[in-house]
Every structure is written in structure tokens, then in C-alpha cells.
Amino acid sequence: MDLNKPLYEHEGQLISVETFVQAMRPYVQKGDTLFLEIDTMRFGAIVPGISKNELMEAIFTVFYRLVGEEGNLVIPTFSYSWGEDAPRKYFDVLHTPSKVGIFSEYFRTRSGVRRSSDPMFSQGVWGKDQSWLVQDKNNTFGKGSIYEKAHQLKAKLISFGL
């Protein structure tokens with residue numbers, strides 16, 4: 001992937017993977033754990049000729065370049081499968097789609113990503129600690145949850161495009 005290939009245009013400025021990496025490098029180091037909320041449509045007009053898959057891969061590359069092989073990426077893949085308004089209470093870790101955005105769904109299906117088994121608030125995890133992070137403790141937000149583990153790893157929350 002060409003890291004300098006323009007992805008977005010905003011007010012005459014072209015934005016690439018490298019643009020994003022350089023902007024965030026002072027705040028994110030190799031080995032960090034990032035809890036990411038992503039909206040891919042807020043950075044400007046997508047440059048003509050950039051496919052959906054190419055854009056999703058580029059966004060993944062931004063964060064991969066920041067944390068490297070030593071880090072972790074955690075992305076909500078919420079399905080809300082067991083909510084009060086869910087007519088059918090069904091959740092399949094591998095097949096139930098995410099309902100929280102295009103990047104979330106891309107990430108969920110990406111090779112090397114594991115999904116937690118929470119039927120309401122699942123998380124997709126990529127990185128060196130993914131097995132530990134997705135261990136099911138039957139507790140969404142408290143003791144033993146992915147949120148407690150992220151806190152133990154001193155995870156950084158990034159609202160990218162929100």
C-alpha cells in the first residue's frame with residue numbers, strides 16, 4: 001500500500017495514511033492498546049477511485065502503523081442481539097454482523113481479528129493480547145471484562161472522525 005496515496009480531500013488538502021500517522025504519532029506509541037471508535041466519513045471527500053475496501057484497509061493501516069505488532073486494536077462490533085427490542089435473541093460470534101459502522105464490520109471480518117462473545121456489546125480485537133482480551137468472563141463492563149483489561153493495559157480511547 002502506498003502510504004502517501006491520497007484518501008480524502010479537505011479544504012484543498014490531501015489526506016493520506018501517512019498524514020494521519022504523523023498527526024497521531026505524538027500521542028500513540030508502538031505497543032499501545034487503542035480502543036477505537038471510527039467514523040470514516042468525517043474527514044472530507046473521498047478521493048475519486050478509492051474503493052470501499054481500499055479505504056477500510058487504509059484506515060486499518062493507520063492504526064497498525066501506530067501500534068505495530070506489539071500493540072492491540074479494540075473496536076466495538078456491537079450487534080445489540082439480545083436487546084429488549086430484538087425480536088429474535090440470536091448471536092453468532094463469527095457471523096452476526098456489527099451494527100455500529102462500516103469500519104466495525106470490515107474489522108470484524110478481517111483476518112487475524114477475534115471477536116468477544118458478548119451478544120450485545122462485543123468487541124473485535126487484533127494484536128498481541130487478543131486472546132486474553134476476548135476471554136469471556138460473563139461480565140460486560142465490570143470485573144474481568146474487556147474494559148477492565150483495557151484499563152489494566154492503559155489503553156487509549158480514540159474517537160477517530162467522531
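Nothing fancy with the numbering, it's 1 onward along the sequence. Treat the numbers as computed from the prediction; the structure is a model and nothing was measured.
Neither Val74 nor Phe60 shares a network with the other; the hydrophobic side chains, linked directly or stepwise wherever heavy atoms of I, L, V, M, F, W or Y lie under 4.5 Å apart, form separate groups for each. Ile102 and Tyr80 fall into different hydrophobic clusters, where Ile, Leu, Val, Met, Phe, Trp and Tyr residues are linked whenever their side-chain heavy atoms come under 4.5 Å apart, directly or through other members.
Listed by first and then second residue, the salt bridge (charged side-chain N to carboxylate O under 4.0 Å, His left out) pairs that reach into residues 44-62 are Lys5-Glu54, Glu57-Arg110, sequence neighbours excluded.
Of the N and O atoms on the side chains of Ser98 and Arg108, not one donor lies less than 3.5 Å from an acceptor on the other residue. Using a 3.5 Å distance cut-off with no hydrogens or angles, the side chains of Asn139 and Ser145 do not pair a donor with an acceptor. Remark: the Ser79 side chain and the Thr96 side chain contain no N/O donor-acceptor pair separated by less than 3.5 Å.
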Check the pair Trp132 / Leu153 against side chain to side chain contact (heavy atoms under 4.5 Å, CB included), numbers first and verdict last. CA-CA 11 Å; Trp132 176 67; Leu153 292 173; 3.7 Å; yes
Evaluate side chain to side chain donor-acceptor pair (under 3.5 Å) for Ser116 paired with Gln123, printing each intermediate quantity in order. CA-CA 5 Å; Ser116 67; Gln123 305 285 339; over 6 Å; no
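Annotation: Tyr27, atom OH; neighbour count of heavy atoms from other residues, nucleotides and ligands within 6.0 Å does not exceed 12. Atom NZ of Lys89 has more than 12 heavy atoms from other residues, nucleotides or ligands within 6.0 Å. More than 12 heavy-atom neighbours from other residues, nucleotides or ligands sit within 6.0 angstrom of CE on Met120.
Ion pairing between Glu69 and Lys128 fails under the 4.0 Å rule for side-chain N and carboxylate O.
Residue Ser16 comes nearest to Leu7 through the heavy atom pair C-CD1, 4.1 Å, listed as atom of the first residue, atom of the second, then distance. Scanning both residues, Val47 and Leu14, for their nearest heavy atoms gives CG2-CD2, 4.5 Å. The two residues Val67 and Asn72 have their closest heavy-atom pair at CG2-N, 4.2 Å. Here the closest non-hydrogen pair linking Ile38 and Leu162 is N-CD1, 4.4 Å. Arg115 and Thr77 make their closest contact through NH2-O, 2.7 Å (heavy atoms, listed as atom of the first residue, atom of the second, distance). Smallest separation of non-hydrogen atoms from Phe91 and Ser122: CZ-CB, 4.1 Å.
Here the CG atom belonging to Leu157 is positioned 12.5 Å from the OG1 atom belonging to Thr33, to the nearest 0.5 angstrom. Rounded to the nearest 0.5 Å, atoms CG (Leu73) and CD1 (Ile158) are 9.0 Å apart. One finds the CG atom of Leu66 at 7.5 Å from the NZ atom of Lys30 (value rounded to the nearest 0.5 Å). Interatomic distance, CD1 of Ile146 versus CG of Leu133, reported as 5.0 Å (0.5 Å rounding). We find the CG-CD distance between Asp129 and Glu70 to be 11.0 Å, quoted to the nearest 0.5 Å. Here CZ of Phe141 is found 5.0 Å from OH of Tyr147. Values are rounded to the nearest 0.5 Å.
Remark: aromatic rings of Phe107 and Trp126 are distant, center separation not under 6.0 Å. Between Phe160 and Phe103, the gap from one ring centroid to the other reaches at least 6.0 Å.
Between Leu3 and Val21 there is no side-chain heavy-atom pair separated by less than 4.5 Å. Considering only heavy atoms from C-beta on, Ile46 comes within 4.5 Å of Met41 through its side chain.
Partner of Phe20 under the side-chain contact (heavy atoms from CB on, under 4.5 Å) criterion, out of Gln22, Met24, Glu18: Met24 alone.
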